[in-house]
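Inspection log for the structure reproduced underneath, given as structure tokens.
In each ligand, atom 1 is the first atom listed, and ligand 1 is the first ligand listed. In what follows, every heavy atom counts, from backbone to side chain, and hydrogens, waters and symmetry copies are set aside.
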Amino acid sequence: MPDFADPRDRLIVALDLPSVAEAEALIDRIGDAATFYKIGYRLGYAGGLALAADLARRGLKVFLDLKLHDIGNTVEEGVRAVSDLGATFLTVHAYPQTMRAALRGRGAGLKILAVTVLTSYDDADAAEAGYALPVGELVARRAAQAAEAGIDGIVCSAAEAERVRAIAGPDRLIVTPGIRPAGADHGDQKRVMTPGQARAAWIDHVVVGRPITGAADPRAVAQAIVAEMQPAAP
Ligand SMILES: O=C(O)c1cc(=O)[nH]c(=O)n1[C@@H]1O[C@H](COP(=O)(O)O)[C@@H](O)[C@H]1O
């Protein structure tokens, strides 16, 4: 079971918002209930990279979710270009060339996460995209390739986490989006589990966006998710 000095670090709040001002307002409302924020390309293209550096300076942890995938040279230099922002995590798609290039380009302190199969995909979506393997098999194959490349962490759905843990070993991070508190709207997510199921599957970090960004009381939702991620008292 992952051992975190600060249990709040296990929740990563996805700042999928249109502007830095709205992201700042949400961070203020959440207050000390969260310590880790994800900036994807929606906010990244709207000033989010400067916000990432600012949050890191303020002592918050930042997950830069750029999901890079390109020829090796472009990935390597792109990763190098964002390595000094102070982020903790950066995503690339789990293609062997891409993962190896990202690891060459990253600076000290930045961990590269490989996105296996997006949590909005089920078997039919994978088939439509031209893959012969069911999603679970594709995740397992990409997790093995990620481990072979020496990646720092793997992004998958909580449903595949135990299988990925067996493939990737105890020290690689497992990060799972597609997390919904019981009863919450799934939106476009197809491979979904609750924070409690994620805890039981030995997941290191969960990523949660809309259930928090769209909540009347985002701080309370963040606190409830952190509490649900805690191991039960003996
Ligand atoms: O890399 C990611 O963070 C990611 C991978 C994946 O397979 N599925 C996935 O939903 N995500 C991201 O996780 C967040 C989930 O947001 P919500 O569905 O609103 O909780 C979004 O920012 C997605 O871009």
Testing Arg106, Arg172, Lys111 one by one against Asp152 for a side chain to side chain donor-acceptor pair (under 3.5 Å), which residue passes?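 Checked Arg106, Arg172, Lys111 against Asp152; only one passes side chain to side chain donor-acceptor pair (under 3.5 Å): Arg106.
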Show the atoms of ligand 1 that are less than 4.0 angstrom away from any heavy atom in [X].
| X | value |
| --- | --- |
| Lys67 | 1 (O), 2 (C), 3 (O), 4 (C), 5 (C), 24 (O) |
| Arg210 | 17 (P), 18 (O), 19 (O), 20 (O) |
| Val208 | 20 (O) |
| Val207 | 13 (O), 14 (C) |

[atom] - nearest protein heavy atom and its distance:
| atom | result |
| --- | --- |
| atom 5 (C) of ligand 1 | Pro177 CG, 3.5 Å |
| atom 21 (C) of ligand 1 | Asp16 OD2, 3.3 Å |
| atom 23 (C) of ligand 1 | Lys38 NZ, 3.9 Å |
| atom 15 (C) of ligand 1 | Gln189 NE2, 3.6 Å |

I want to check something: taking the side chain as every heavy atom from C-beta on, are Arg163 and Val139 in contact at a cut-off of under 4.5 Å?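 No, side chains not in contact.
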Can you tell if the side chain of Asp54 reaches within under 4.5 Å of the side chain of Arg57, non-hydrogen atoms only?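 Yes; the side chains approach each other to less than 4.5 Å.
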Can you list the steps and then say if Arg80 with Glu77 is a salt bridge (charged side-chain N to carboxylate O under 4.0 Å, His left out)? CA-CA 5 Å; Arg80 193 162 282 129; Glu77 295 306 334; 3.0 Å; yes
Salt bridge or not between Asp217 and Arg29? Use side-chain N to carboxylate O under 4.0 Å.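 Salt bridge flag = no for Arg29 with Asp217.
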Sub-3.5 Å N/O-N/O distance, Ala14 and ligand 1: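 By distance alone, the answer is no.
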Tell me which part of Leu118 gets within contact of ligand 1: side chain, backbone, both or neither, using heavy atoms under 4.0 Å.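 For Leu118, the contact with ligand 1 is made by both the backbone and the side chain.
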Using a 3.5 Å distance criterion without hydrogens, assess whether the side chain of Arg100 forms a donor-acceptor pair with backbone atoms of Arg104.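 No.
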Qualifying ring pair (Phe, Tyr, Trp, His ring centres under 6.0 Å) pairs, either residue in residues 108-161, two or more places apart: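 Those involving residues 108-161 do not exist here.
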Which of parallel (below 30°), tilted (30 to 60°) and perpendicular (above 60°) describes Tyr95 and His69?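 Correct class here is parallel.
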Just to be sure I'm reading this right: ignoring hydrogens, which of Ile179, Val92, Asp188, Thr119 gets closest to atom 7 (O) of ligand 1? Compare them by their nearest heavy atoms.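 Residue with the shortest heavy-atom distance to the ligand atom: Thr119.
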